[in-house]
Enquirer: 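Okay, here's the structure, questions in a sec.
The figures that follow rest on heavy atoms only: side chains count, while hydrogens, waters and symmetry mates do not.
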Amino acid sequence: KRLFKGFENYKSIHKLYFDIETTGLDPKNSKIFLIGIKDNRGFQHVIEIEDDNEDSERNGIEMFFRIIDELRPSIISGYNSENFDFPFILERCEILGIDLKNCNFPTSLDNKKPIRKKRSFLKLAAELENYQQTIMYGYNVIDIAHSVRRAMAINSDIKSWGLKYITKFSKKNKPNRMYVDGSQIYKIYKENKRYKLNPENSNYVLIKDNEYVSSTESTITGKEIINQYLLDDLWETEQVDELFNQSSYLLSSLIPATF
């Protein structure tokens with residue numbers, strides 16, 4: 001048996017991309033406030049979670065898994081998702097009291113086999129790196145950053161595997177995309193102030209108190225900025241996936257696999 005039998009090319013496979021935005025890097029004292037989801041068939045959605053509301057965070061996580069179950073893609077992927085996004089989600093589930101083995105929403109295509117982690121390794125040229133692989137029965141779960149890191153290990157021209165760098169390096173960056181400094185993401189979202197927006201390059205400038213804004217000027221709120229930033233990240237993640245995972249797809253479609 002072979003994976004993806006009957007598919008002529010990688011683009012024809014139904015793929016889902018996701019990304020989370022959090023109030024900090026440590027799930028023990030930080031929370032999820034946005035979950036962005038996009039597939040390669042036109043679906044995109046941002047799950048917004050209310051500030052300091054654990055019920056809202058529980059509902060957001062549940063909605064994330066329910067959307068996956070509704071779309072049922074062949075591949076679920078993120079960028080650095082095995083190192084950050086999935087571990088953060090799973091630890092927040094534990095902290096919030098969500099028992100993924102006995103919850104009322106599906107986390108895989110078999111309710112008897114819920115989402116789990118298992119020890120695996122990433123091959124980077126001659127080196128092996130251990131990591132905890134996400135297993136969701138019935139889905140292929142991949143971290144697109146792994147494919148970039150494999151390429152970086154054999155191509156000295158690639159200096160970083162960060163998403164913003166690799167999209168520019170590969171000329172796959174989205175035209176006029178929204179850029180936000182990582183340290184300012186939650187602050188801009190939470191304060192939700194108004195900004196002047198340049199539609200031609202997506203640059204934005206905070207509107208000061210009592211500052212006049214003409215009716216012809218475009219404006220945008222902090223929440224709108226971060227939502228667009230998240231969706232732009234997902235768009236670029238898809239572009240990087242299409243470029244760097246073609247070889248992995250060809251191998252997996254040719255080499256017999258056990259199920």
Side-chain angles (χ1 to χ4, degrees), residues 3-4 13-120 131-144 185-186 189-190 223 226-227 230-231 233-234 237-238 241 258-259:
L3 293 172
F4 311 123
I13 297 170
H14 188 192
K15 300 184 285 289
L16 179 143
Y17 306 93
F18 81 98
D19 189 17
I20 65 173
E21 298 296 346
T22 64
T23 60
L25 299 178
D26 187 349
K28 292 182 177 62
N29 50 43
S30 305
K31 300 176 181 179
I32 302 167
F33 68 92
L34 290 178
I35 305 176
I37 304 169
K38 180 188 186 303
D39 75 359
N40 62 337
R41 296 184 177 179
F43 177 89
Q44 69 175 30
H45 181 67
V46 176
I47 301 169
E48 299 193 47
I49 294 169
E50 296 175 15
D51 194 37
D52 296 324
N53 187 329
E54 289 189 346
D55 284 337
S56 181
E57 190 175 8
R58 290 187 190 94
N59 293 337
I61 292 171
E62 177 178 343
M63 186 181 296
F64 167 65
F65 284 109
R66 287 195 180 279
I67 288 174
I68 291 174
D69 186 60
E70 181 179 343
L71 295 176
R72 299 206 169 185
S74 295
I75 297 175
I76 298 170
S77 58
Y79 201 87
N80 199 33
S81 50
E82 290 291 53
N83 185 53
F84 181 73
D85 301 78
F86 269 127
F88 200 104
I89 291 171
L90 296 181
E91 188 158 351
R92 287 306 296 165
C93 285
E94 186 175 344
I95 291 169
L96 293 166
I98 302 173
D99 183 358
L100 293 173
K101 293 182 179 179
N102 298 290
C103 58
N104 63 352
F105 55 88
T107 61
S108 77
L109 290 181
D110 185 340
N111 290 332
K112 296 179 181 179
K113 299 177 180 179
I115 186 173
R116 63 185 176 89
K117 286 284 192 178
K118 79 167 188 177
R119 185 179 178 184
S120 188
Y131 78 99
Q132 291 294 311
Q133 181 183 6
T134 303
I135 305 297
M136 297 174 67
Y137 183 85
Y139 299 108
N140 296 280
V141 180
I142 65 173
D143 186 337
I144 297 161
I185 292 174
Y186 181 57
Y189 182 86
K190 184 177 182 179
K223 286 188 175 182
I226 303 308
N227 280 1
L230 179 56
L231 291 173
D233 266 4
L234 290 173
T237 297
E238 181 179 357
D241 176 42
T258 57
F259 295 90

Enquirer: Give a yes or no on this: more than 12 heavy atoms of other residues, nucleotides or ligands lie within 6.0 Å of atom OH of Tyr131.
Expert: yes
Enquirer: Keeping the roles fixed (side chain from Asp69, backbone from Pro106), state whether a donor-acceptor pair exists under 3.5 Å.
Expert: no
Enquirer: At their closest point, which heavy atom of Ser74 faces which heavy atom of Ile13, and how far apart are they?
Expert: CB-CG2, 3.6 Å
Enquirer: Once you round to the nearest 0.5 Å, how far does CG of Asp241 lie from CG of Asp143?
Expert: 10.5 Å
Enquirer: May I have the step-by-step check of side chain to side chain contact (heavy atoms under 4.5 Å, CB included) for Lys31 and Asp52, ending in yes or no?
Expert: CA-CA 8 Å; Lys31 300 176 181 179; Asp52 296 324; 3.8 Å; yes
Enquirer: Would you mind checking if Arg58 and Glu54 are paired as a salt bridge, meaning a charged N to carboxylate O distance below 4.0 Å?
Expert: yes
Enquirer: Just checking Phe64 against Phe105, ring centres under 6.0 Å apart?
Expert: no
Enquirer: Is it true that a side-chain atom of Asp85 and a backbone atom of Asp19 form a donor plus acceptor pair closer than 3.5 Å?
Expert: no
Enquirer: Roughly how far apart are Glu21 CD and Asp233 CG, rounded to 0.5 Å?
Expert: 7.0 Å
Enquirer: Looking only at side-chain N and O atoms, does Asp51 offer a donor or acceptor that is under 3.5 Å from a partner on Tyr186?
Expert: yes
Enquirer: Just by distance, do the side chain of Arg92 and the backbone of Pro27 share a donor-acceptor pair under 3.5 Å?
Expert: yes
Enquirer: Carefully, step by step, assess Lys15 and Glu238 under the rule side chain to side chain contact (heavy atoms under 4.5 Å, CB included).
Expert: CA-CA 9 Å; Lys15 300 184 285 289; Glu238 181 179 357; 5.9 Å; no
Enquirer: How long is the straight-line distance from CD1 of Ile20 back to CZ of Phe84, given to the nearest 0.5 Å?
Expert: 4.5 Å
Enquirer: Just by distance, do the side chain of Glu57 and the backbone of Ile49 share a donor-acceptor pair under 3.5 Å?
Expert: no
Enquirer: Among Leu109, Ile115, Ile76, Asp39, whose side chain to side chain contact (heavy atoms under 4.5 Å, CB included) with Ile68 holds?
Expert: Ile76
Enquirer: Shortest non-hydrogen contact from Thr23 to Phe33?
Expert: N-CD2, 3.8 Å
Enquirer: Quick one about Thr134 and Lys117 (side-chain donor to acceptor, distance below 3.5 Å, no hydrogens or angles considered), yes or no?
Expert: yes
Enquirer: Before you tell me yes or no, could you show the steps for Phe18 and Ile89 under side chain to side chain contact (heavy atoms under 4.5 Å, CB included), namely the whole-Å CA-CA distance, both residues' side-chain angles and the distance that decides it to 0.1 Å?
Expert: CA-CA 12 Å; Phe18 81 98; Ile89 291 171; 4.1 Å; yes
Enquirer: Examine distances only and state if a side-chain atom of Ser30 and a backbone atom of Thr22 form a donor-acceptor pair shorter than 3.5 Å.
Expert: no
Enquirer: What do you reckon, is CD of Glu94 surrounded by more than 12 foreign heavy atoms closer than 6.0 Å?
Expert: no
Enquirer: Which pair of heavy atoms, one from Ile37 and one from Leu234, lies closest together, and at what distance?
Expert: N-CD1, 3.6 Å
